[in-house]
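FYI, side chains are in, hydrogens and waters are out, and symmetry mates aren't considered; it's all heavy atoms of this structure. Treat the numbers as computed from the prediction; the structure is a model and nothing was measured.
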Amino acid sequence: MSVLGAWGHLASLGEVTEQEVKTAAVNYSVFTSLRSLFRALRRERRVFRDPARNVHLTTPVRVPRPIPADRLKGLLNRAGGAKDRLALVLMAVYAVRPKQVAEILLDDLDRSTGRLRIRRPNRLDHEICLDEFALQLVKEWLTERHRRWPLSTNPYLIVSPLTALHIDRPSVGISNFSSLRDRIGINFTQFRQDRFLDEARETADPVRLMRLFGITSYAAIHYVRTAHPERFTIDPTQA
């Protein structure tokens, strides 16, 4: 391991400092390996302190790997208009729940950076990075929305004929996506679970799943374990 080689000047791993861990942790793969290493050494009493314990690695959120183009194209062809195509991509590629899609505000979207805020009551909000295709769908929907309801002051990204000009400016209900679900023939919960599993098969990195989708460590490990059972002969939470 190149990191251990860089620490060759130390008499033992017990001399490694937090700063040296931060310097060595160039990505999450290396960071998680170091964290597991020092936890194991600490349990075996080969070191008296864990220099990785208080280290937190922060990197830009990466855009999820999209669903294969041929599969997504077939679904989009059945989705319908711009609104439903956008909602489908948010749910299929970014694993956003239908209720969360319905509650996205126009102010939650930063088109210049491609960032979209997902509100989660009683939890920290989650931020996702939209790719060029998703941003194009956003543009198409906003263009259609303005053409159909130029006087709408509804603050939500997704509106319907019932909510666009409603005096109370409400969000759409999740029943608004029922016809979309029926057209594509896939339950949205199954979509979300399949997306997590698809990413887990590709990366085998629970930390990546947590950052991409805002899920808990327990859920992330569950999907990685399901995708790669051969890698977990022991409980990964005890590593």
Next on the checklist: Between L105 and D108, does the side chain to side chain contact (heavy atoms under 4.5 Å, CB included) criterion hold? Intermediate values first, please.
Outcome noted: CA-CA 5 Å; L105 296 172; D108 292 334; 3.4 Å; yes
Could you report the tightest heavy-atom contact between [X] and [Y], atom names first, then the distance?
X    : Y    : result
H228 : A200 : NE2-O, 3.0 Å
A134 : V89  : CB-CG1, 4.2 Å
S160 : V172 : N-CG1, 3.8 Å
A87  : L180 : CB-CD2, 4.3 Å
Y156 : S171 : CE1-N, 3.4 Å
F213 : R120 : O-NH1, 4.5 Å

Item to check | By salt bridge (charged side-chain N to carboxylate O under 4.0 Å, His left out) - contacts of R111 (at least two apart) | outcome: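 Result, salt bridge (charged side-chain N to carboxylate O under 4.0 Å, His left out) vs R111: none returned.
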Within this structure, what is the [atom1]-[atom2] distance for the pair [X] and [Y], rounded to the nearest 0.5 Å?
X    : Y    : atom1 : atom2 : answer
M210 : Y223 : CE    : OH    : 14.5 Å
L116 : D110 : CG    : CG    : 10.0 Å
I215 : H222 : CD1   : NE2   : 9.5 Å
T143 : R148 : OG1   : CZ    : 13.0 Å
L157 : L86  : CG    : CG    : 6.0 Å
R181 : N176 : CZ    : CG    : 12.0 Å

Checklist entry - After noting the C-alpha distance and the side-chain angles of Y94 and I118, does the key distance pass the side chain to side chain contact (heavy atoms under 4.5 Å, CB included) rule? => result CA-CA 11 Å; Y94 299 93; I118 303 300; over 6 Å; no
Would you say that [X] contacts [Y] through its side chain, given a criterion of any heavy-atom pair below 4.5 Å between the two side chains?
X    : Y    : result
L106 : L142 : yes
Q193 : T189 : yes
H146 : S152 : no
I158 : I104 : no
E140 : E144 : no
R119 : Q100 : no

Item to check | Qualifying residues under side-chain contact (heavy atoms from CB on, under 4.5 Å), relative to P170, sequence neighbours excluded | outcome: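 side-chain contact (heavy atoms from CB on, under 4.5 Å) check on P170 returns N154, T163, H166, D168.
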Item to check | Test log, rule side chain to side chain contact (heavy atoms under 4.5 Å, CB included), inputs T153 and R169 | outcome: CA-CA 7 Å; T153 60; R169 307 194 306 172; 3.3 Å; yes
Item to check | Trace of the side chain to side chain contact (heavy atoms under 4.5 Å, CB included) decision for L130 with V138 | outcome: CA-CA 10 Å; L130 302 177; V138 169; 4.3 Å; yes
Item to check | Donor-acceptor pair, side chain of R78 and main chain of I184, under 3.5 angstrom | outcome: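 Yes.
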Item to check | Same apolar cluster (I L V M F W Y, side chains within < 4.5 Å links), L137/L135 | outcome: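 Both belong to a single hydrophobic cluster.
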Next on the checklist: Looking at D125 and R117, is any side-chain nitrogen of the basic one under 4.0 Å from a carboxylate oxygen of the acidic one?
Outcome noted: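 Yes, R117 and D125 are salt-bridged.
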Item to check | Under-4.0 Å salt bridge between R208 and E199 | outcome: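 Answer for the salt bridge query: yes.
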Next on the checklist: Taking atom CD1 as the centre, does I174 end up with more than 12 heavy-atom neighbours from other residues, nucleotides or ligands that are less than 6.0 angstrom away?
Outcome noted: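 For I174, atom CD1 is not crowded (no more than 12 foreign heavy atoms under 6.0 Å).
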Checklist entry - Should we say atom CG of D107 is surrounded by more than 12 heavy atoms from elsewhere, each under 6.0 Å from it? => result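 Open.
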Next on the checklist: Filter on salt bridge (Lys or Arg N to Asp or Glu O under 4.0 Å), then keep only pairs touching residues 86-99, sequence neighbours left out; what's left?
Outcome noted: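 Listed by first then second residue: K99-E103.
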Checklist entry - Once the angle between the rings of W141 and W149 is folded into 0 to 90°, is it parallel (under 30°), tilted (30 to 60°) or perpendicular (over 60°)? => result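 Taking W149 first and then W141, their aromatic rings stand perpendicular (interplane angle over 60°).
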